[in-house]
Amino acid sequence: MNAQAESDMPRNFDFAEVEPRVYDWWERQGWFKPESAPAEAAPYVISMPPPNVTGSLHIGHALFTALEDLMIRYERMRGKAALWLPGADHAGIATQLQVEKMLRDEGTSREAIGYEEFLHRTWQWKEEKGGTITRQLRRLGASCDWERERFTLDDGLSEAVLRAFITLWEQGLIYRGPRLVNWSPGLKTAVSDLEVESNEEEVTLYFFRYPVEGGAHLPVATTRPETILGDTAVAVHPNDERYRHLIGKRAFVPILEREIPVIADDYVDMEFGTGALKVTPGHDFNDYELARKHDLKLLNILNQDASMNAAAGKYAGLDRYECRDELWRDMTAAGLTIKTEPYRTRIPRSQRGGEVVEPIMSAQWFVRIQPLADKAIAAVRDGRVKIVPQRFEKVYFHWLENIQDWCVSRQLWWGHRIPAWYREKDGDPEGEIHVGREPPKGDGWVMERDVLDTWFSSGLWPFSTLGWPQETADLARFYPTQMMETGHDILFFWVARMIMLGLWLTDEPPFHTVYLHGLVRAEGGLKFSKTLGNAIDPLTVVNRLGADPLRFTLITSGTPGNDCHLDETRLDHSFRFINKVWQMTAFINMNLDGALELLLPPKAALDLPSRWILSRLNRLIENVQYLFDIHQYGEAGGQILAFMWDEFAPFYLEISKQALYQGSDAQKNAARQTLVHVQDACLRLLHPFMPFMTEEAWRYLPHQGEALIIADWPRANGDLIDDAIEARMSLCLEAVREIRNTRGEFAVDPGRRISAIARESAAAKDLAENAQILRRLCNVEALTLLPADADEPQNCASIVVGEISLYLPLEGLLDVAAESQRLAGEKAKIAEKLARTEKMLANQNFVERARPDVVQRERDRLADLQAAAARLDERLARLGQ
RNA sequence: GGGCGAUUAGCUCAAUUGGCAGAGCAUCCGGUUUACACCCGGAAGGUUGUAGGUUCGAGUCUUACAUCGCCCACCA
């Protein structure tokens, strides 16, 4: 079958022109949709980790896009019904913060404009900013099915959230109640454990005296003196001789004079601080546990904004830190303070707002998570879900095995409102609770104002986006999905919760494989940040170099699960590689002559270089397949680059010019077919890495099929892999290298044609029969064979490569002394290698115990080196005469 | 306190079952032969963090340590 290529390939790849055009074409043709595959095709589905709806593209998005699009394009080319389902997350806290900032800039606030107006403004904001990231993903070449794009606050997804919440409630897995929760005073909402980040900070440890009845004092240390006002006990260790006599006595809260007990508990560490512990159950998780154990009172002294409430007596109304200072002053005046010292400890801060989080008692909604966690653990244990790299499974298990109930309510306005109603009963406004879509019949029901944690809705993402809880065709066909590709930083936040909720609600793990990538960091391991000014903006890169170089660089810069330090010079290198591939295609294109049959000539009709490049190509395809199978995409990209840049271009392409320019019709045809075959395979292999250039270049190669995006993924042909051919060719190429070096050493003008003489041998025959190799690669006009027993030619530089002895007649250029010295240098190099190999083979243990093929390799090497050494000796001897 | 990762050329990183440690950038030398100066040919650059162990053979497996980073955990 004859195939045609477009002609007049542009000299350069104009990414700015090509990218939008090709992208629109792909999309219009429907190739991003799984329906473009045959109906019986197996599905391959990735749910895109939904970016924040109002966010804009950063380098992390670019990384996931590059990786996921690579996976999708690869599977699409393998004939799967590939579906990459895009979408956006409403991102409760992040979005609300942005809108609140906007309101602040306008001189107003969400409280001032009220709930309805605030939601209205937020939706408006979403409509304005919402398309940004989607447009940016398109510029990167993301082949998502945009018609299936979803947003977590869409009707369908909101329905999924309702269904999930109500189901869990009905199963008794959701409860509401007052608990000590992490409270963010700035945001005035509860946050989950995961949303609190604790880092060591320099603080002050305050030492003071707790007055005890009878005039005694109990020394206590704290980092948060204001919480003294909420103390309901002082605890000491039961065996502590210093304080044992005080156990059971009454102590008095400083300034407030409130009476509290001195209790004993072995939780107290006698060695730490003063050995006595103030107990503040209302504002400390440990103390809360202690209080439950000892049935202590619980006192809340903070308002929602972390100012002091009425329980703080005269300090009511003060900010927590003002109170800290004032109380300490008063205590000092009262003679109750001992000292302060600097102290390093971990301070819990809100991941979003950054302000210090306070444990506060508050009524919240919780998911009883253990039953869900158990299922999620089992699914990974039994391999229904695989995590790549595997070491994260351990992290995953550890978290799930120690999981705490999930606080899912947030006191925000932007999000899924919890489907619950309250009715006052016996003076308690929440005396009656109803969970459901609608309030029960009767008057007085008030809807819950709290919304759900953003991660609750994203936890349903892989199935809610496909229509769940409706039994849609998409859900049936595309769920469970195959791949969840995301950052390891949201393993707990998102991945674990999707697995838990997916297994619980759909009875299926939501995906088969979790591939975790790392963070993209700047040179030196620094985090990219705007303040440091070291951020690489993906769009700037795309504008400067195109999307392909950015994608290729991101994919080849890292390994699964590890952070990658992005080196900007790699971007330029990728750009040059992409240009290189374009130029290679252009070269082949311009040497075509009309239609070409897309078949390789039979092996027997192919010359040594052609059989060599086909062997190398098929070995490459094998390797790439292996690397894709184990998700080592970066290494795969690197190997394709190395093959093209270091083997195909500098050797085969160059050698082929002989046939193309001076060969017979048959030779021309064979060269064209081989060139087209190899380049075509490479473009296919590269397509998932650099879709734009490869698609555009492919049009200029003879091809069948409409587009590269839907072309078949290459499969290795084992018949074409041939060790012997590769060995023969590499000897020839070694000869080329040596001739080049020798020419260089004798300063032979590169443009000057020289001739060469080789002593007859099998390898020398290869060289002679493939004269184009030497002609094209080192400008050697003709190679004459010398009978094995002939005399050494005179006035020649000599080269020894394995069993090949080459002589370069360098009339008038040869300096005997210099040549002797050069050969002596060669000899020394060989002697070094020889020594190593001889030593290995002299080792009886090596010969007996090493794998036979390894031993054989060493033996072959020894023979080669010995032959080379012998020839060098001969040559040196003659020169010496 | 527990866990994980990293440590390889000046810098950023590779190295598929243990089998001659490799790229890119930077450096140095040499090149304008009709695909590509977004190029080509060469050179230099290494005790693979340290000290042991296993092995015929270790960057790779193992033990300890060091430094850096990350995650988890309730010591005021």
Side-chain angles (χ1 to χ4, degrees), chain A residues 9 11-13 198 205 220-224 227 235 267-269 271-280 284-290 345-346 389 391-392 394-395 398-399 402 488-489 491-492 518-519 521 523-525 545 556-559 561-570 572-591 623 626-627 629-630 632 634-635 638-639 641-642 645-646 649-650 653-654 657 661 737 740-741 743-744 747 749-751 753 776 778-779 833 836-837 840 843-851 853-855 857-858 861:
Chain A
M9 185 167 179
R11 247 188 122 62
N12 285 302
F13 173 59
S198 299
L205 188 57
V220 177
T222 180
T223 54
R224 297 187 296 158
T227 63
Y267 164 75
V268 179
D269 182 351
E271 308 297 318
F272 186 87
T274 64
L277 175 69
K278 62 188 277 305
V279 183
T280 322
D284 185 286
F285 290 102
N286 298 316
D287 295 1
Y288 181 73
E289 285 307 312
L290 214 51
T345 191
R346 298 177 76 95
R391 64 186 149 88
F392 283 102
K394 202 167 166 179
V395 182
H398 182 260
W399 187 70
N402 298 282
H488 66 67
D489 52 329
L491 178 61
F492 306 144
L519 263 58
R521 289 171 176 279
E523 216 168 309
L545 303 172
T556 54
S557 288
T559 45
N562 294 324
D563 292 354
C564 81
H565 296 188
L566 194 59
D567 182 350
E568 282 202 66
T569 65
R570 287 186 75 117
D572 293 308
H573 184 245
S574 299
F575 179 87
R576 296 211 305 275
F577 176 48
I578 284 153
N579 171 68
K580 180 93 183 169
V581 177
W582 180 266
Q583 300 300 339
M584 291 166 75
T585 314
F587 166 78
I588 295 168
N589 177 272
M590 73 179 60
N591 284 293
N623 283 349
Y626 170 77
L627 291 165
D629 288 345
I630 60 168
Q632 295 276 357
E635 178 64 13
Q639 290 200 9
L641 178 146
W645 211 325
D646 300 336
L653 235 65
E654 286 304 322
K657 286 175 184 173
Y661 299 163
R737 259 185 292 272
R740 283 172 172 172
N741 284 346
R743 289 180 65 128
D749 183 340
R753 293 250 160 111
R776 287 287 157 183
C778 46
N779 214 5
K833 291 184 190 172
R836 183 195 153 275
T837 304
M840 277 181 88
N843 183 342
Q844 208 48 40
N845 284 322
F846 172 71
V847 177
E848 282 166 17
R849 299 191 201 185
R851 258 188 4 234
D853 61 305
V854 175
V855 177
R857 199 160 62 223
E858 287 303 319
R861 185 172 298 144

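The model shown is predicted, which means the values in this text are computed figures rather than measured ones. Protein chains get the first letters and strands the later ones, always in sequence-line order, with residue 1 at the start of each.
- Atom CD of A:Glu289 is separated from atom P of B:A76 by 17 Å (rounded to the nearest Å).
- Separation of atoms CG (A:Asp284) and CG (A:Leu277) is listed at 8.0 Å; rounding is to 0.5 Å.
- Here A:Thr559 lies in heavy-atom contact (under 4.0 Å) with sugar-phosphate atoms only.
- Looking at residues two or more places apart in sequence or on another chain, you find a side-chain contact (heavy atoms from CB on, under 4.5 Å) between A:Asp749 and A:Arg752.
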Any chance you could list the contact pattern along nucleotides 16-31 of chain B? Use B for base contacts, S for sugar-phosphate-only contacts and - for none, protein heavy atoms under 4.0 Å, 5' to 3'. B--BB---BS------
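- Remark: C1' of B:A35 and CZ of A:Phe13 are 16 Å apart, rounded to the nearest angstrom.
- Residues satisfying the side-chain contact (heavy atoms from CB on, under 4.5 Å) test with A:Glu654, not counting sequence neighbours, are A:Lys657, A:Leu777.
- Taking atom C1' on both nucleotides, B:G45 is separated from B:U8 by 13 Å, rounded to a whole Å.
- Per the geometry, CG belonging to A:Leu519 stands 17 Å off P belonging to B:G5, to the nearest Å.
- If you take atom P in B:G57 and the same atom in B:C65, they sit 26 Å apart, rounded to whole Å.
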I need a per-nucleotide contact map over nucleotides 67-75 of chain B, read 5' to 3'. Cutoff is protein heavy atoms under 4.0 Å; write B for the base, S for backbone only, - otherwise. ----SSBBB
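- Closest approach of A:Val855 and A:Ala850 over heavy atoms only: CG2-CB, 3.8 Å.
- Between the P atom of B:C39 and the CG atom of A:Asn579 lies a distance of 7 Å, rounded to the nearest Å.
- Formation of a donor-acceptor pair under 3.5 Å by the A:Asn402 side chain with backbone atoms of A:His398 is found in this model.
- Straight-line distance between the P atoms of B:U12 and B:G69: roughly 15 Å, to the nearest whole Å.
- Residue A:Asn589 contributes atom CG, which lies 15 Å from atom C1' of B:U34 at whole-angstrom precision.
- Contacts of A:Met9 classified as side-chain contact (heavy atoms from CB on, under 4.5 Å), with partners at least two apart in sequence or in another chain: A:Trp582, A:Thr585, A:Ala586, A:Asn589, A:Ala697, A:Tyr700.
- Counting only distance, with no hydrogens or angles, the side chain of A:Arg743 and the backbone of A:Cys778 share a donor-acceptor pair below 3.5 Å.
- Taking atom C1' on both B:A9 and B:A23, the two are 11 Å apart, rounded to the nearest angstrom.
- For the atom pair CG of A:Asp489 and CG of A:Asp563, the computed distance is 9.0 Å after rounding to the nearest 0.5 Å.
- When heavy atoms are screened at a 4.0 angstrom cut-off, A:Asp284 is found touching no nucleic acid atom at all.
- When the P atom of B:A76 is taken as reference, atom CD of A:Glu271 falls 15 Å away, rounded to whole Å.
- Nucleotides B:U54 and B:U63 have their P atoms positioned 14 Å apart, rounded to a whole Å.
- For A:Tyr661, there are no side chain to side chain donor-acceptor pair (under 3.5 Å) partners at least two apart in sequence or on another chain.
- Separating the CG atom in A:Leu653 from the CZ atom in A:Phe587 is a distance of 4.5 Å, to the nearest 0.5 Å.
- No donor-acceptor pair under 3.5 Å is formed between the side chain of A:Arg861 and the backbone N or O of A:Lys833.
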Check: protein-nucleotides 40-46 of chain B nitrogen or oxygen pairs below 3.5 Å:
residue : atom : partner  : partner atom : Å
B:C40   : OP1  : A:Lys580 : NZ           : 2.6
B:C40   : OP1  : A:Trp645 : NE1          : 2.7
B:G41   : O3'  : A:Arg740 : NH1          : 3.4

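- Using a 4.0 Å heavy-atom distance criterion, A:Glu654 is classed as a base contact.
- Within the model, atoms CD of A:Glu635 and CG of A:Asn623 stand 9.0 Å from one another, a figure rounded to the nearest 0.5 Å.
- For the salt bridge (charged side-chain N to carboxylate O under 4.0 Å, His left out) test, residues two or more places apart in sequence or in another chain that qualify with A:Asp853 are A:Arg851.
- Its glycosidic angle being more than 90° from 0, B:U8 falls on the anti side.
- Counting non-hydrogen atoms under 4.0 angstrom, A:Tyr661 reaches the backbone sugars and phosphates but no base.
- To the nearest angstrom, P of B:C36 lies 13 Å from CE of A:Met584.
- Positionally, the nearest nucleotide of RNA chain B for A:Phe392 lies more toward the 5' end than for the other of A:Met590 and A:Phe392.
- Here, B:C70 and B:C28 have their C1' atoms 40 Å apart, quoted to the whole Å.
- Between B:U60 and B:G52, the two P atoms lie 15 Å apart (nearest whole Å).
- In B:U48 the O4'-C1'-N dihedral to the base is more than 90° from 0, which defines an anti nucleotide.
- For RNA chain B, if you chain together Watson-Crick or G-U pairs that step i with j, i+1 with j-1 and so on, the runs of at least three with distances under 3.5 Å are B:1-7 with B:66-72, B:10-13 with B:22-25, B:27-31 with B:39-43, B:49-53 with B:61-65.
- Spacing between B:G49 and B:A21 at atom P, rounded to whole Å, works out to 15 Å.
- For A:Arg391, the side chain to side chain donor-acceptor pair (under 3.5 Å) partners are A:Asn562, not counting sequence neighbours.
- Contacts of A:Phe577 classified as ring-ring contact (aromatic ring centres under 6.0 Å, His included), with partners at least two apart in sequence or in another chain: A:Phe552, A:Trp645.
- The residue A:Ala235 sits apart from the nucleic acid: no heavy atom pair falls under 4.0 Å.
- Here B:C36 presents its P atom at 16 Å from CZ of A:Phe575, a figure rounded to the nearest Å.
- Taking A:Leu205 as the reference, A:Phe207, A:Ala221, A:Thr223, A:Glu341, A:Tyr343 meet the side-chain contact (heavy atoms from CB on, under 4.5 Å) condition, with sequence neighbours excluded.
- Nearest-nucleotide positions on RNA chain B place A:Asn12 closer to the 5' end than the other of A:Leu205 and A:Asn12.
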